[in-house]
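Keep in mind that what you see is a predicted model, and the values were worked out from it rather than measured. Numbering of ligands and ligand atoms starts at 1, following listing order.
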Amino acid sequence: MANPSPSSPANEYVDLFLFACIEEVLVGDLFVAKISSGFSSDSCTNELKYVSLSDNVLHTWTGPITNVKKLTVVDLSTNFCSNISKKFFSPDFVSLKYLLLQNNLLGLVLPTDVQGEIFQNLYNVVYINLSKNKITNIPNLLFKKQYNLKRLDLSENMIWDINYKLSHMKNLMFLNLRNNRISMLGEYAMTELDSIAKMKKNLTIDLGGNNLVCNCESLSFVKWIVNTPTNLHRREEYECKTSQNTIILFRNPKELYETILKECMSYEGIIIGITTGILIFAFILCGGISYRYRWKLRYLYYMVNIKLHQSEYKSANTDERLYMYDAFVSYANEDQAFVHNTLLRELERYGGIQLCLHKRNFLPGNDIATNITSAIHNSRKTTVIMSSNYLASYWCMFEYNMARMESIYESNCENILFLVFYDQISACNLPLQIIELVHCQSYIEYPNDEYGDVVFWEQLKRAIKSY
Ligand SMILES: *[C@@H]1O[C@H](CO)[C@@H](O)[C@H](O)[C@H]1NC(C)=O
Ligand SMILES: *[C@@H]1O[C@H](CO)[C@@H](O)[C@H](O)[C@H]1NC(C)=O
Ligand SMILES: *[C@@H]1O[C@H](CO)[C@@H](O)[C@H](O)[C@H]1NC(C)=O
């Protein structure tokens, strides 16, 4: 087939070995389906400089094509190619400068070339045309070896962003992205382009015919258009869709940017305002709830603590709880003379009631709050020696509130708290939670006279023993 003739279009396979020593091959309009081996010959080196195989049906390019060290132009355009082997462009393509691949179906194979092997031997190529190839996505490393590329035509595809490395192409002059699906360029693309443009000041890209958007999301892209050293080919014709779905042109990008910025600021302001409002509200609510239930929370906290660290003083039947003490006596240190002498004698020695006194029964080493909670929990009743000293003491009020919680949450609402008024305290000095209890009448006053005392101790003993 030394003389390919357009009048015999039925040649399915052309034996390309025969072109070994000629300078130019033009196989226009031949019906060629596969390129398998190459323009190789053992006898002579190939002087071939220009090959055009355009307008064929070369759907699979297997290769490797070898012995083409002088080849500078390859035109494989309009070939329905959807399968190009990673070996097709062999290391012999050292001189290749112009690669015309437009109007194929390379979008089906290029996205799979993650390692950038297809074009890896084309060091010297300055021009690649990949227009009209149904490309949706280009892998990051596809052009990794094209250091000398000057023009890259990716127009008429379905590309939506630049995710591929460009910054190594120090000589890149023109990147055509016309008629793709780009709505905005990502951070990566903008950095890559700027790093070339800053060096060379002669990079032009064409973003016409894309679906650019101008809203808050694309703010940084619009800003880039204002500031970039990259030339934007016919920028004033770029159409941009705003958040109101209107189309505006990039005639005055600076003004456009400021408009969007203002819009986004108010938008952002509203969002920040609402978020702050919600946060503050939630914060207040949480604060309020935890203040309202502060004693319950503390009580639960210490109860959990106790239950974790102590074996349970409960028989299998919950009604018959076993207590270590009959009564826990809560009193202020200033009143200890009364408690340690009179009360102890009357109740424990004469009355046979087992008392728990913090001075005597607390486990040294345990933390005080846990000790208190556990003492209340392990005593059947809690007797409070109420006095003005008691009201002034932090730990006494802690004991009081813990006992209150215990009576509410542990003891099935039976009254375990019992007040003894040791001093005369006027009602207006009493805190609310104590007045509450006084109204429920579980208190007696210490009479401090000989006859009254007998009655008092009897009443107290009865109150402690009753259950
Ligand atoms: C591409 O062509 C090669 C060689 O003919 C074949 O082995 C492979 O299966 C083809 N790939 C696809 C996706 O058609
Ligand atoms: C690439 O090919 C397309 C389709 O044939 C053509 O319109 C375009 O001008 C070519 N690009 C360049 C930079 O020559
Ligand atoms: C920039 O590129 C244009 C072609 O796009 C060329 O004519 C011009 O000389 C270049 N300018 C510089 C400073 O390289």
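- Residues T373 and Y301 have side chains that never bring a donor and an acceptor to within less than 3.5 angstrom of each other.
- Protein residues are said to neighbour a ligand when one of their heavy atoms lies under 4.0 Å from it; for ligand 2 these are Q102, Y127, N129, S131, D153.
- Where the criterion is an N or O separation shorter than 3.5 Å, residue side chain and backbone included, T60 fails it with respect to ligand 1.
- Neither side chain, T78 nor S54, offers a donor N or O lying under 3.5 Å from an acceptor on the other.
- Contact atoms of ligand 1 toward N83: 1 (C), 2 (O), 3 (C), 8 (C), 10 (C), 11 (N), 12 (C), 14 (O) (distance under 4.0 Å to a heavy atom of the residue).
- A donor-acceptor pair is defined here as one N or O able to donate and one able to accept, closer than 3.5 Å; no such pair exists between the side chain of N104 and the backbone of L106.
- For the pair N210 (side chain) and N180 (backbone), a donor-acceptor distance under 3.5 Å is present.
- In this model, a donor atom of one side chain and an acceptor atom of the other lie less than 3.5 Å apart for T228 and D194.
- Remark: the T382 side chain and the E406 side chain contain no N/O donor-acceptor pair separated by less than 3.5 Å.
- Of the possible donor and acceptor atoms, one in the side chain of K144 sits under 3.5 Å from a partner among the backbone N and O of Q115.
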